[in-house]
Novice: 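Take a look at this one; I'll ask things after.
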Amino acid sequence: MTFEMKNDAQTEYEHCELSVGSEPILAVSETPQPYDISMIHRLQWQTMTFNAFELGSTDAVRNAYDVLREGGVVIEPIHEVPWSKCCATVIDKYGVCWWIAI
């Protein structure tokens with residue numbers, strides 16, 4: 001994580017920046033009430049989506065897929081589309097949706 005800012009109680013993130021290598025990715029997720037992760041998984045509700053593309057290889061996508069689906073929900077398993085030979089969509093165990101691809 002490149003930068004993080006938590007609420008006064010230090011229990012929730014208000015803003016953070018993640019990075020891939022040295023490149024920061026702005027990440028913001030806001031909710032006025034706590035939400036139920038099991039409901040998000042059951043309804044496949046995409047609260048926010050990160051597009052992590054150009055991961056470099058099929059192995060990198062498969063590795064990310066395996067990590068993200070642990071405790072999460074697979075929306076689209078690894079597959080090929082006209083613009084990517086290897087991609088997948090997963091809601092992780094925290095309720096964040098990821099589209100990962102080469």
Novice: What's the spacing between Leu68 CG and Lys93 NZ if we round to 0.5 Å?
Specialist: 10.0 Å
Novice: Output yes when a side-chain donor or acceptor of Asp66 lies under 3.5 Å from a complementary backbone atom of Glu70, and no otherwise.
Specialist: no
Novice: CD/Glu76 to OH/Tyr65 distance, rounded to the nearest 0.5 angstrom?
Specialist: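 If we round to the nearest 0.5 Å, Glu76:CD and Tyr65:OH are 10.5 Å apart.
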Novice: Return the SG to CD distance between Cys87 and Glu80, rounded to the nearest 0.5 Å.
Specialist: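 It is 8.5 Å, given to the nearest 0.5 Å.
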Novice: Val74, Val67: one ILVMFWY side-chain cluster at the under-4.5 Å cut-off?
Specialist: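 In one cluster: no.
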Novice: Measuring from Arg69:CZ to Thr89:OG1, what's the distance to the nearest 0.5 Å?
Specialist: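 Answer for the CZ-OG1 pair, Arg69 versus Thr89, is 14.0 Å.
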Novice: First locate atom CH2 of Trp98, then atom CD1 of Ile75, and finally report the distance between them rounded to the nearest 0.5 Å.
Specialist: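 If we round to the nearest 0.5 Å, Trp98:CH2 and Ile75:CD1 are 14.5 Å apart.
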Novice: Supply the atom-to-atom distance Ile102 CD1 to Thr58 OG1, rounded to the nearest 0.5 angstrom.
Specialist: 3.5 Å
Novice: For Gln10, does the CD atom sit with more than 12 other heavy atoms under 6.0 Å from it, leaving out its own atoms?
Specialist: yes
Novice: Only one of Asp59, Val61, Leu55 passes side-chain contact (heavy atoms from CB on, under 4.5 Å) with Cys86; say which it is.
Specialist: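 One option only clears the test, and that one is Val61.
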